[in-house]
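Convention: sequence-line order gives letters A, B, ...; per-chain numbering from 1. All values derive from a computational prediction rather than experimental measurement.
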Amino acid sequence: MRKTAVIVALSLIWLSGCRRGPARTNEVVAASVGKAPLNPGDSAWEQAPEYLARLLPQDLVDPRLMKPSTPEVLVRSLTNGTDIAFRLQWVDPVANDAPGAGTFVDGCAVQVPKKIEPSAPDPQMGQAGKPVEVAFWRADWQASVNGRGDTIRDLYPNASIDHYPFEAKSLEAGSAAAKEMAMRYAPAWAMGNRRVGPRETPVEDMVAEGPGTLAPAASTTSRGQGVRTKDGWRVVIVRKLPEGLAPKVRTQVAFAVWEGSAQEAGARKMRTGWIPLAVREAK
Amino acid sequence: MARVHNWQIGREMSYWYPESRPQKQFAAVFDINKCIGCQTCTLACKTTWTSGKGQEYMLWNNVESKPYGCYPLAWDLKLLEMLNGGKWNGKAYEGQTIFESAPAGERVSGWRPDDHDYAYPNVGEDDCTGQVDKGASLSLPHMHWFFYLARICNHCTYPACLASCPRGSIYKRPEDGIVLVDQGRCRGYQECVRGCPYKKVFYNPLTGTSEKCIACFPKIEQGLQPQCFVNCIGKIRLAGWISKPDRARAENPIDYLVHIKKVALPLFPQFGLEPNVYYIPPVHVPPPFLRQMFGPGVDEAIQTYKNAPNDPDLSGLLCLFGSTEMVVPRWRRQGETVFGTDDKGTELVKIPMKEPVYVRAGYDKLYQIARTNCP
Ligand code: SF4
Ligand code: SF4
């Protein structure tokens, strides 16, 4: 009820022409401003219209998210003709950025079809033969990029560790032998799993052809930056402009948000269906 | 969900994937009666596999004192509660498995421990169910008791970890039934941690992936038993291969103990995973507790075990535990000697059922020293 009242009030303000906020659009419109800023606080964002994306629980494939969490995300987009930047903003009073046993981190993702085609792939992670590209931002990676160390003490300051074999006195610190030994105790690292790091960016590029098929893209070219607002997250993800996307051409975009405190990860997430994505010509 | 057969619960059940048994299934028998709770197995595993960053809290092998011990906290109680204890009718399980009781939207009934649940790995250590009063005399089963339960991943026939993973990052090797997390593919959703009722998958916060017991597969591939087996001080463990009950062969040590003698039982068969570590139940513990833990075969198993002194084959085979680093796929007894052989019958190990006894003089004149004889 209260929400409806707020929406009515907002629309009245908008109708009377005394609008203070940005224009709300019914599709995601990337404003061409000659810039695709990484900084969520960049003033260029003022020129971007805003889209209110309502989120739905992922309840199509098991395991599902049975209890809705984050209800909506505010999206703005800017493009410089080569890259496209999305700024996602949502309410989340508590930052969850430390991974751990039974502990999950906040995150968000932007998904677009790999190819612009008349019939879009399945919005749920694409489908066989119709891949989607996903750029995925995670709060724990952001914390690493912001300088948090990558040791158990950084997660549990009171942890006490007797000894790691790869830090034995007999091994020269940083030597190839020490690294090889450390790798033996970190098989994901030995396998080249990008979840291990190095986390130089908080964003990872992925591709998928259906639920459960998400795989790292050949390389990550997208960038990102997430900051805390007074009541949530504001995250910018900058990726390549989808090939062929230009004024008068439309493609689709979908968003997802993971709420760490609700133990959301992987398939347990809040998401949108496809939303039309357009580029607005530079004025 | 598919319908599969689970011999441990004597019926068909639902599982996420159709039945697909490996060519060979890794299995083990642990004789609880012999475990001294020394944790050498825990350390053998820790030093071999989990000394890395992010693995600090992980114990792929742990030993907990029952009834109060549990790692992570209350892992077994939570599951029993979820399944309402589970109801058996003779050898058939009438209750629901964790697959059948999965709520809407879930692949299995499960729960996920948080970091605090791992913080007390040896809680309840050596805690007895009650005080043994002065002057009390013990008879079997004991009026107060505790026992050590050594636990590793059960390399289940119907792994819940594998069924829970939405990415298919967990696989069961067709050649030996060992269940592994593909460390290249895992994305750390911790669904397997939630799904495994035995809580034998662990999340590594620094690699961002889930990790678990690998049954020392590099050793298994060489015909050797895993580290926690060969380092076991109590010699309670025997690794090998288990057949389906209708294919059981008496010359296979695991088949003999599990299927023929029925002296070794699965841990919480009612969960429905067909776990492949089998336990010889402790004879001093009241059977109601054990039945809940090892199913309806407990009384028979205890009887058989207690009768081992009159059963040269059984007592002979028990001598093979901890006798060699090699996996012994076949065995036979000849008089007072037990032979472990490979599949072709070539001898791998030979054990006398009775150690020869030498009695030495109380005083050694040659070295001018007093000697003690150990029984
Ligand atoms: S014990 Fe747990 S981790 Fe091991 S195979 Fe079974 S379900 Fe998976
Ligand atoms: S090493 Fe053997 S005797 Fe010692 S705790 Fe482990 S299983 Fe028990």
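Residue A/Asp59: no heavy atom, backbone or side chain, is found under 4.5 Å from chain B. Heavy atoms of B/Tyr118 lying under 4.5 Å from chain A belong exclusively to its side chain. For B/Arg185, the parts lying near chain A are the backbone and the side chain together; criterion is any non-hydrogen pair under 4.5 Å. With a threshold of 4.5 angstrom between heavy atoms, B/Pro166 approaches chain A through its backbone and through its side chain. Of the two parts of B/Ser210, neither the backbone nor the side chain holds a non-hydrogen atom closer than 4.5 Å to a non-hydrogen atom of chain A. Contacts of A/Met206 with chain B are made by side-chain atoms alone, with heavy-atom separations under 4.5 Å and no backbone atom involved. In this structure, chain B has no heavy atom under 4.5 Å from any part of A/Arg184. Using a 4.5 Å cut-off between heavy atoms, A/Glu264 makes no contact with chain B at all. Residue contact with chain A, scored on non-hydrogen atoms closer than 4.5 Å, involves the backbone and the side chain of B/Ser51 alike. In this structure, chain B has no heavy atom under 4.5 Å from any part of A/Ser144. Contact of B/Ser169 with chain A is not made at all, since no heavy-atom distance falls under 4.5 Å. Proximity to chain B is absent for every atom of A/Leu65, based on heavy atoms less than 4.5 angstrom apart. Residue A/Gln58: no heavy atom, backbone or side chain, is found under 4.5 Å from chain B. For B/Ala102, no part lies near chain A; criterion is any non-hydrogen pair under 4.5 Å.
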>> Walk me through whether A/Met191 and B/Asp182 qualify under side-chain contact (heavy atoms from CB on, under 4.5 Å).
In response: CA-CA 9 Å; A/Met191 294 292 292; B/Asp182 181 339; 4.2 Å; yes
> Checking side-chain hydrogen bond (donor to acceptor under 3.5 Å, both in side chains) for the pair A/Tyr164/B/Gln55: CA distance, chi angles, key distance, verdict?
Replying inline: CA-CA 10 Å; A/Tyr164 294 116; B/Gln55 299 180 316; over 6 Å; no
> Can you check side-chain contact (heavy atoms from CB on, under 4.5 Å) on A/Arg268 and B/Glu191, steps first, answer last?
Replying inline: CA-CA 10 Å; A/Arg268 299 181 203 257; B/Glu191 292 292 347; 2.7 Å; yes
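B/Pro205 approaches A/Ile152 most closely through the heavy-atom pair CG-CD1, 4.1 Å. Nearest approach of B/Tyr189 to A/Phe104, heavy atoms of both residues: O-CE2, 3.3 Å. The nearest pair of heavy atoms linking A/Arg195 to B/Gly208 is NH2-O, 3.2 Å. Annotation for A/Tyr185 and B/Thr47: closest pair OH-O, 2.9 Å, computed over non-hydrogen atoms.
Salt-bridge formation is not detected for the pair A/Arg153/B/Glu56: no Lys NZ or Arg NE/NH1/NH2 atom is positioned less than 4.0 Å from an Asp or Glu carboxylate oxygen.
Contacts of residues 93-102 of chain A with chain B at a heavy-atom distance below 4.5 Å involve A/Pro99, A/Gly100, A/Ala101, A/Gly102, listed in sequence order.
With rounding to the nearest 0.5 angstrom, the OG1 atom of B/Thr207 is 7.5 Å from the CG atom of A/Asn193. Interatomic distance, CZ of B/Arg187 versus CZ of A/Phe136, reported as 6.0 Å (0.5 Å rounding).
Your options are A/Gly192, A/Ala215, A/Ala188, A/Ala182, and the one with the most heavy-atom pairs under 4.5 Å with chain B is A/Ala188.
Counting only heavy atoms from C-beta outward, the side chains of A/Trp189 and B/Lys53 never approach each other to under 4.5 Å.
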